[in-house]
There are 2 protein chains.
Amino acid sequence: MSKAQKDKSTEVRILAAAKKIFVLKGMSGARMQDIADEAGINKALLHYYFKNKEQLFEMIFMEAAAKLFPKINKIFDGDQPLFEKIESFCEEYITIVTDNPFLPLFVINEINQDPDYFLKKVWAGKSKPNPAKFLEQIDREVKKGTIKKINPVHLLMNLISMTIFPFMGKPMFQKNLGVSDTQFRQLMEQRKKEIPAFIIDAIKK
Amino acid sequence: MSKAQKDKSTEVRILAAAKKIFVLKGMSGARMQDIADEAGINKALLHYYFKNKEQLFEMIFMEAAAKLFPKINKIFDGDQPLFEKIESFCEEYITIVTDNPFLPLFVINEINQDPDYFLKKVWAGKSKPNPAKFLEQIDREVKKGTIKKINPVHLLMNLISMTIFPFMGKPMFQKNLGVSDTQFRQLMEQRKKEIPAFIIDAIKK
DNA sequence: CGATTTTTTAACCATTTGGTTAAATTTTAT
DNA sequence: ATAAAATTTAACCAAATGGTTAAAAAATCG
């Protein structure tokens, strides 16, 4: 059992352990025994708390999705000016993901495994991202002449890519650039300002 | 048909099938039976050609890595001016990945599973990316005053993120933006020019 | 044709894995 | 103290899975 977990309640410990293992290994790579070990309990007790792997996985996945998406939606759907929206998105998203660095790859993987399951289960109802408003906002700024002519979809992709990808490519970047964990953290912290500045430089007239 | 060609045709079918399954499901999610089915043969023959899953996986992974990395290295290491390098990278990389859309997620996943294995096996020797030259080149341009002041690492991350991520997030983007496969292909084609233009707008003085 | 190689069939094995069970033990709360 | 709940132990099961085997059948080639 990892010492960070020994004082928590059993159910919380299991969920934390499951999150760690699932997020690290994915649904098919995760072993119930690994989760039990990580939680410092045995398999029997694990099944005493959670019926089966699928149910446990779904809880973890939902929690992950719930952590990643609603805040984005709120920003995209909000009434801030475009540049402020971009700043808010980077700020909030990088903050979340810095504390949960493996979530993006985990979620992207599971979406790729079964896009429809994801659509049905996670985006059932209100939590579904609605980038329409954000896209229209970009379009309006283009037509007003405030920013350069750009396809809003590309701008959206650029924003999301620059914000998310470095976390998924962390080991690659680290091995390649010789960056320590602390340095990586600092880089991501910088990107909260760096990305908005970069984008605004790219599109402002 | 000669003996060697006969061998090769079945072997090639197996490799193609293995690539499809591994890249879709990952190492732990892939089933040998699925690969055999996909290749239109039986499990016995599959093991007649390939000793075990690990060996097969390694061949596929190496092939994938060999497809993705050496070309990048050549561009980063080349003698083109900075802006041309950025253009070449986007052009060539998007071309490769358009024909192998699942490779990036596959490779990123396996790197995350075991960064050191990757380092040792794939980047053993010359094929290891060496972004140093590219980074220094950016630094020189900054000092020359040709481009705005920017941390070269952030610029590199931005370039790679914008180029690679949309392929990994394809299902997400498609579900969210209502984009068909053809439209997605067109978008990626556009990004060959869009990303360099975006970056150059962001950094040029 | 006859020898060799490829492929199938079909059974089989060992291990892993998700999951169960029942009894015993420990902890917690009343 | 005692009942209830939490936890362990340890064995077990069934299905999935990677891998093997031997013999037969089909294709290939000299």
Side-chain angles (χ1 to χ4, degrees), chain A residues 1-63 106 109-110 113-114 117 121, chain B residues 1-63 106 109-110 113-114 117 121:
Chain A
M1 165 169 22
S2 67
K3 63 186 161 200
Q5 303 188 4
K6 63 183 168 195
D7 50 335
K8 293 181 199 156
S9 86
T10 303
E11 199 178 324
V12 169
R13 256 168 44 223
I14 292 177
L15 285 171
K19 181 181 166 184
K20 182 173 172 184
I21 301 295
F22 276 132
V23 159
L24 227 57
K25 308 270 189 115
M27 167 66 179
S28 56
R31 296 289 99 102
M32 292 300 268
Q33 188 60 60
D34 295 340
I35 295 173
D37 290 348
E38 178 68 28
I41 59 169
N42 50 47
K43 219 174 47 168
L45 191 60
L46 178 55
H47 285 284
Y48 176 80
Y49 275 89
F50 294 92
K51 225 181 49 221
N52 55 39
K53 196 182 175 184
E54 276 73 30
Q55 191 207 310
L56 189 52
F57 177 82
E58 200 168 306
M59 290 193 68
I60 300 301
F61 185 69
M62 289 306 170
E63 197 208 307
F106 174 64
N109 263 317
E110 302 305 328
Q113 283 301 310
D114 191 344
Y117 167 88
K121 284 276 181 177
Chain B
M1 191 191 290
S2 80
K3 184 173 70 181
Q5 277 169 335
K6 202 177 57 180
D7 284 3
K8 210 170 188 179
S9 88
T10 303
E11 204 179 315
V12 162
R13 272 197 357 253
I14 294 176
L15 285 171
K19 181 183 167 185
K20 184 174 171 184
I21 301 296
F22 275 132
V23 158
L24 227 58
K25 309 271 188 116
M27 166 67 177
S28 55
R31 296 290 99 98
M32 290 301 266
Q33 188 61 60
D34 295 339
I35 295 173
D37 290 347
E38 179 69 28
I41 58 169
N42 50 50
K43 219 175 48 170
L45 191 60
L46 177 57
H47 281 99
Y48 176 81
Y49 275 90
F50 293 93
K51 224 178 53 219
N52 55 39
K53 196 180 175 183
E54 276 72 31
Q55 190 206 311
L56 190 52
F57 178 81
E58 199 169 306
M59 290 193 69
I60 301 301
F61 184 69
M62 288 309 169
E63 197 207 308
F106 173 64
N109 263 318
E110 302 306 328
Q113 283 301 310
D114 190 345
Y117 167 87
K121 284 276 181 176

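The chains referred to below are lettered A, B, ... by the order of the sequence lines, with proteins before strands, and numbering in each begins at 1.
Proximity of A:N42 to the phosphate of D:dT8: a side-chain N or O atom is located under 4.0 Å from OP1 or OP2. Residue A:R31 has no polar side-chain atom (N or O) positioned under 4.0 Å from OP1 or OP2 of C:dT16. Regarding contacts with the backbone of D:dT7, a side-chain N or O of A:Y49 is found under 4.0 angstrom from either OP1 or OP2. Of the side-chain N and O atoms in A:T10, one or more sit less than 4.0 angstrom from OP1 or OP2 of D:dT7. OP1 and OP2 of C:dT7 both lie 4.0 Å or more from every side-chain N or O belonging to B:Y48. Between B:H47 and D:dT20, a side-chain N or O to OP1/OP2 separation shorter than 4.0 Å is absent.
B:A30 comes within contact range of the sugar-phosphate backbone alone, with a heavy-atom separation under 4.0 Å but no base atom that close. Within the nucleic acid shown, A:E11 has no heavy atom closer than 4.0 Å to any nucleic acid atom.
Taken from CD in B:E58 to CG in B:L56, the straight-line distance is 10.5 Å, to the nearest 0.5 Å.
Regarding B:K43, its NZ atom lies at a distance of 14 Å from the P atom of C:dC12, rounded to whole Å. What separates CG of A:L46 from C1' of C:dG19 is a distance of 10 Å, to the nearest Å. Note: CZ (B:R13) to C1' (C:dT6) measures 11 Å, nearest angstrom. Spacing between atom CD1 of B:I41 and atom P of C:dT9 amounts to 12 Å, rounded to whole angstrom units. If you measure from atom CD1 of B:I21 to atom C1' of D:dG18, you get 16 Å, rounded to the nearest angstrom. With rounding to whole Å, A:D37 atom CG is found 15 Å from C:dT16 atom C1'. If you measure from atom NZ of A:K53 to atom P of C:dT20, you get 14 Å, rounded to the nearest angstrom. If you measure from atom CZ of A:F50 to atom P of C:dT20, you get 15 Å, rounded to the nearest angstrom.
For B:A44, whose side chain is taken as the heavy atoms from C-beta onward, the closest listed nucleotide among D:dT21, D:dT7, C:dG19 is D:dT21.
Of the N and O atoms on the side chains of B:Q113 and B:N109, not one donor lies less than 3.5 Å from an acceptor on the other residue.
Listed here is the closest heavy atom pair of A:I21 and A:R31: CG2-N, 4.3 Å.
Using modelled atom types, no side-chain atom of B:K20 and backbone atom of B:A39 make a donor-acceptor pair closer than 3.5 Å.
Between A:F57 and A:E110 there is a side-chain heavy-atom pair separated by less than 4.5 Å.
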